[in-house]
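These figures come from a predicted structure and were not determined experimentally. Every chain is numbered from 1, with letters handed out A, B, ... down the list of sequences.
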Amino acid sequence: MNDDFITPLLAWFSQEAADLPWRNTRDPYRIWLSEIMLQQTQVSTVIPYYERFLETYPTVHDLAAASQDELLKQWEGLGYYSRARNLHTAAKQIVSEYNGQLPTNADELQHLKGIGRYTAGAIASIAFGEAVPVLDGNVIRVFTRLFDIADDVRQQTTQKRLWQIAEELIKAVPEGRAGDYNQALMELGRTICKPQNPLCERCPIAEHCLALKNNVQNERPIKTKKPPTPHYDVTCGLIWNEDGQLLITKRRDDALLGGLWEFPGGKIEEGETLEACLARELREELGIKVEVGTLYMRVKHAYTHFKITLHAFNCHLMANSPPPSCHDCQAFQWVSVSELSDYAFSRADRYIIEDLQNRQYRLL
DNA sequence: AATGCGGGGTA
DNA sequence: TACCCAGCATT
């Protein structure tokens with residue numbers, strides 16, 4: 001494997017590295033946090049979350065002492081909420097078992113919740129200077145172009161081969177520069193070696209790029225297509241009580257959007273009306289009987305694996321309904337419209353909340 | 001080895 | 001619309 005690109009890549013990074021918040025620190029806690037937030041999430045999306053998060057939790061001790069609800073409220077909108085739950089678990093573990101210090105090498109880091117091979121390599125190389133590789137979407141794209149690799153990168157054998165390449169190359173990186181080199185590869189992928197229309201004329205290692213030489217840079221990496229995602233109709237209840245409060249429920253940790261709050265409801269079944277679906281879901285989930293009233297609004301939303309149309313109905317408890325009890329949720333709560341802002345909700349529910357609060361505001 | 005897991009940006 | 005993003009845990 002030709003490693004001649006390493007020197008010009010490092011030189012480019014020294015000159016052109018963007019000034020990102022997590023590059024102004026050597027604090028392993030901050031490096032760790034940035035790497036978790038950056039999983040499957042673009043740099044520009046992460047920055048405001050990262051800065052706000054560190055104001056709230058400046059140290060791993062502050063994070064370990066947080067409540068899950070408070071933490072998820074901080075994470076609200078960032079997605080992949082298991083990252084926040086795992087971060088919390090790991091923080092508590094670091095405080096109780098590691099004396100408040102992160103492990104200092106990649107192998108030990110991988111024992112912590114939410115840290116896999118990529119994240120362990122990133123933290124170990126950036127925070128501790130260990131000569132270990134990283135392989136993320138950016139690096140995969142750079143490598144498949146640099147070495148003109150035409151294999152399907154979704155295949156396990158290709159992933160293995162790419163990790164082997166990464167392992168070989170890191171050995172040729174100058175002592176103490178592994179963190180810079182790994183960041184340089186990712187930054188090149190993010191800013192120059194982009195998925196579509198890469199900026200090869202500005203690439204510092206273009207003369208080493210086999211895909212460019214073969215004029216196939218736009219056809220790398222090769223990925224098999226994913227099947228189209230299904231669409232579901234989902235209902236939820238805006239269940240009002242006499243005090244103008246709404247009933248919300250907290251989702252189970254092992255579910256989609258685990259730990260977030262929601263307006264209770266669920267997915268429609270074959271041949272079922274929306275109203276019947278909602279009445280059934282509320283009976284199953286909370287053991288309550290409701291009168292399903294008018295449609296409040298519909299929200300369309302796309303998840304990774306499916307799309308939904310969320311139908312929100314005004315409801316109230318029937319006089320002979322049992323009080324709510326959690327059958328398939330962690331908790332429930334009656335809250336006013338303005339108090340909804342204190343709880344972490346998914347994007348789809350936040351559209352509804354925004355509308356509820358706007359209408360309330362206009363009435364005042 | 002395959003699948004589930006969010007939400008926003010981009011062309 | 002479809003693809004992409006500083007991937008990981010679970011089964």
* Asked: So which one's nearest nucleotide on DNA chain B is more toward 5', A:Gly79 or A:Asn197?
  -> A:Gly79
* Looking at the side chain of A:Tyr81, which of C:dC4, B:dG6, B:dG4 is the nearest nucleotide? -> B:dG6
* When the distance from CZ of A:Arg85 to P of B:dC5 is rounded to whole Å, what number comes out? -> 11 Å
* **Side chains of A:Phe53 and A:Leu33 in contact at under 4.5 Å (non-hydrogen atoms)** => yes
* Any side-chain heavy-atom pair of A:Lys171 and A:Glu168 under 4.5 Å -> yes
* To do: Heavy atoms under 4.0 Å is the rule here; annotate nucleotides 6-11 of chain C 5' to 3' with B where the base is hit, S where only the sugar-phosphate is, and - elsewhere.
  => BBSSS-
* Asked: Between A:Gln74 and A:Tyr57, does a side-chain hydrogen bond (donor to acceptor under 3.5 Å, both in side chains) hold up when you go through it step by step?
  -> CA-CA 10 Å; A:Gln74 284 281 324; A:Tyr57 310 118; 5.3 Å; no
* **Pair A:Phe263 and A:Phe345, ring centroids less than 6.0 Å apart** => yes
* Asked: Can you check the A:Gln156 CD to B:dT3 P distance for me, whole Å?
  -> 12 Å
* When you compare B:dG6 with C:dC5, how far apart are their C1' atoms, in angstrom units rounded to a whole number? -> 12 Å
* To do: Please check the phosphate of B:dG6 (OP1 and OP2 only) for any side-chain N or O of A:His301 closer than 4.0 Å.
  => no
* Asked: Roughly how many Å is it from OH in A:Tyr50 to P in B:dG8, rounded to a whole number?
  -> 22 Å
* How long is the line joining CZ of A:Arg83 and C1' of B:dC5, in whole Å? -> 10 Å
* **B:dT3 versus C:dA6 - spacing of their P atoms, nearest Å** => 25 Å
* To do: Tell me whether the guanidinium CZ or amine NZ of A:Arg52 lies under 6.0 angstrom from the six-membered ring centre of A:Tyr49 and within 45° of its axis.
  => yes
* Asked: Atom CZ of A:Phe345 to atom P of B:dG7: distance rounded to whole Å?
  -> 13 Å
* To do: Could you tell me how the ring of A:Trp261 sits relative to the ring of A:Tyr343: parallel (under 30°), tilted (30 to 60°) or perpendicular (over 60°)?
  => perpendicular
* Under 6.0 Å from the six-membered ring centre of A:Tyr351 and within 45° of its axis: does the NZ or CZ of A:Arg347 meet both? -> yes
* Calculate the interatomic distance between A:Lys226 atom NZ and C:dT1 atom P; express it in whole Å. => 18 Å
* To do: Could you measure between the two P atoms, the one in B:dG8 and the one in C:dA9, and give it in whole Å?
  => 24 Å
* Asked: Counting any heavy atom closer than 4.0 Å, what does A:Leu257 reach on the DNA or RNA strands: base, sugar-phosphate only, or nothing?
  -> sugar-phosphate
* To do: Check the distance between C:dT1's P and A:His231's NE2 and give it to me in whole angstrom.
  => 10 Å
* Rounding to a whole Å, what distance do you find between A:Leu256:CG and B:dT3:C1'? -> 14 Å
